[in-house]
Q: 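Here it is: the structure, laid out below.
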Amino acid sequence: MPTTHRPGLVVLISGLGRNLQAIIHAHQQGRLPAELRAVICNRRDAQGAQFARNAGIPTRILPAEKGENRDEYDTRLAALIDEYQPDIIALAGFMRILSSGFVQQFSGKLVNIHPSLLPRYRGLDAHRKVIANGDPRHGASVHFVTEDLDAGPVLLQGSIEVAAGETPEGLAEKLMRKVETRIYPQALTWIASGRASLREGRIEFDGQALEAPIHEDCTEKTVE
Ligand code: GRF
């Protein structure tokens, strides 16, 4: 019987790991056709790392050393990732900016989720900015990582309505529950199954160049 190749997946986290939990959940349910090879976390106290361990996934902690610069850390991180030979590296709340050399080394394999409707609100503090600007909708984007922060080609976005009187904290929680935990496993499933990939800086989806991100209205959606 022919063996089907399941691409290797490594997930990088720093914190609570709610996106990681959604990825693990999709994997356990058989929806994500990848081999979840490892979780790498840069903080010893991250709740997400404990969750990964409890789920039986090889979990490695790689804190930055005192006085270490970005390139030095990224060299150690790359060596650790290489132990698992992943085809996909998912950043799931990994709160470090990556060096150009690192991004180039893993080009086409690095995917991130950002809590805004990119290209709006790159960087930190998106939820507060959405409210301050009176935006009618907020969302999250799954994109391939390029050297410019939060500026790589976007594969999938999900959005929700912003209700009157919403707080940044409430909006962040709703975005996580209704959008992020839904679209990240979905996008990774497309990449793992070969439907979506990065070719020469552009996303190919089902063999065609993707002209604009795929968009899902998640206002009424609840995550499985
Ligand atoms: C998420 O909002 C993600 O979009 C951002 O960092 C947060 C991580 O949360 N990059 P969690 O660790 O997945 O709970």
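Sequence positions, counted from 1, serve as the residue numbers for this chain. Quantities reported herein were computed from a predicted structural model and do not represent experimental measurements. As the structure lists them, so they are numbered: ligands from 1, and atoms in each ligand from 1.
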Q: Does Val10 belong to the same Ile/Leu/Val/Met/Phe/Trp/Tyr cluster as Ile24, with side-chain heavy atoms less than 4.5 Å apart forming each link?
A: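 No, separate clusters.
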
Q: What residues form a salt bridge (charged side-chain N to carboxylate O under 4.0 Å, His left out) with Arg128, not counting sequence neighbours?
A: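 Once residues adjacent in sequence are excluded, the partners of Arg128 under the salt bridge (charged side-chain N to carboxylate O under 4.0 Å, His left out) criterion are Asp125.
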
Q: With a 4.0 Å heavy-atom cut-off, what residues sit around ligand 1?
A: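 Correct list: Leu16, Gly17, Arg18, Asn19, Gly93, Ile113, Pro115, Met176, Glu180.
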
Q: Apply the side-chain contact (heavy atoms from CB on, under 4.5 Å) test between Leu91 and each candidate in Val145, Val11, Ile13; give the one that qualifies.
A: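 Exactly one candidate clears the test, Val145.
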
Q: Which residue pairs pass the ring-ring contact (aromatic ring centres under 6.0 Å, His included) test when at least one of the two sits in residues 147-199, sequence neighbours left out?
A: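 For residues 147-199: Trp190-Phe205.
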
Q: Could you tell me whether Arg43 atom CZ has more than 12 heavy atoms of other residues or ligands within 6.0 Å of it?
A: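 Incorrect, the count does not exceed 12.
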
Q: Suppose we screen for salt bridge (charged side-chain N to carboxylate O under 4.0 Å, His left out). Which residues come up paired with Glu83, at least two apart in sequence or across chains?
A: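 Glu83: salt bridge (charged side-chain N to carboxylate O under 4.0 Å, His left out) contacts with Arg60.
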
